[in-house]
Amino acid sequence: AKELGVTGAMEGYLSPYTLVLLVLFFLQVGDFGLPSLQALLPDHDWSTGEPSEEILRALSNAYGTQTRACKASVDELFRQFCAFYHGDFVWGAEVVSVRLARR
C-alpha cells in the first residue's frame with residue numbers, strides 16, 4: 001500500500017494501523033478462526049501490558065489447533081479481504097472490533 005501511495009492518514013488514506021485492524025477483524029470473523037486475545041483472557045488487566053510468555057505459550061497449546069490452516073494464496077486472501085469490505089461489511093451499521101472478534 002505504501003509503494004502504491006494509498007496509505008497514510010495525512011494524505012487522506014487509511015493509516016497502516018487501521019489497515020492492520022481491518023485485516024485482523026477480517027481474519028477473526030471470516031473462516032480463518034483467528035481468536036481475540038481479550039476474549040481468551042477476560043480477566044487480564046491489559047493496562048499492565050501483555051500477558052507473560054508463559055500464559056501466551058499455554059494459550060497457544062490450548063487454542064492453537066483451533067485455528068484453521070489457510071490454503072489460499074496471498075492474492076486470493078487479498079481478493080477475499082476486498083470483497084468482504086466492499087460487499088459483506090455494512091459500513092455505517094457495523095464496527096470493526098478486534099477485541100470482540102464478532103459482527
Notebook entry, point to check: Partners of E53 by salt bridge (charged side-chain N to carboxylate O under 4.0 Å, His left out), sequence neighbours excluded?
Noted result: R57
Notebook entry, point to check: Residues in salt bridge (charged side-chain N to carboxylate O under 4.0 Å, His left out) with R103, at least two apart?
Noted result: E94
Give, for atom [atom1] of [X] and atom [atom2] of [Y], the distance between the pair rounded to the nearest 0.5 Å.
| X | Y | atom1 | atom2 | value |
| --- | --- | --- | --- | --- |
| E50 | I55 | CD | CD1 | 11.5 Å |
| C82 | L77 | SG | CG | 11.0 Å |
| L41 | W46 | CG | CH2 | 5.5 Å |

Item checked: same_hphob_cluster(L40, L100) at 4.5 Å side-chain heavy-atom cutoff -> no
Next item on the list: Say whether Y17 and L34 are linked into one hydrophobic cluster, either directly or through other cluster members, by side-chain heavy-atom distances under 4.5 angstrom.
Entry: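 Yes, Y17 and L34 fall within the same hydrophobic cluster.
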Notebook entry, point to check: With side chains defined as the heavy atoms from C-beta onward, is the minimum distance between V96 and T18 less than 4.5 Å?
Noted result: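 No, side chains not in contact.
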Notebook entry, point to check: Closest approach of R99 and S36, non-hydrogen atoms and distance?
Noted result: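 The pair with the smallest heavy-atom distance is O-OG, 2.6 Å.
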Next item on the list: Looking only at non-hydrogen atoms, find the nearest pair between V98 and L21 and report the distance.
Entry: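 In this case the closest contact between V98 and L21 is CG1-O, 3.7 Å.
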Show every donor-acceptor pair shorter than 3.5 Å between a side-chain atom in residues 84-92 and any protein atom, with sequence neighbours excluded, or say none if there are none.
unit_1, atom_1, unit_2, atom_2, d
Y85, OH, L22, O, 2.7
W91, NE1, Y85, O, 2.7

Side chain to side chain contact (heavy atoms under 4.5 Å, CB included) involving [X] - partner list, sequence neighbours excluded:
| X | result |
| --- | --- |
| V23 | L27, F81 |
| V95 | none |
| T48 | H44, D45 |

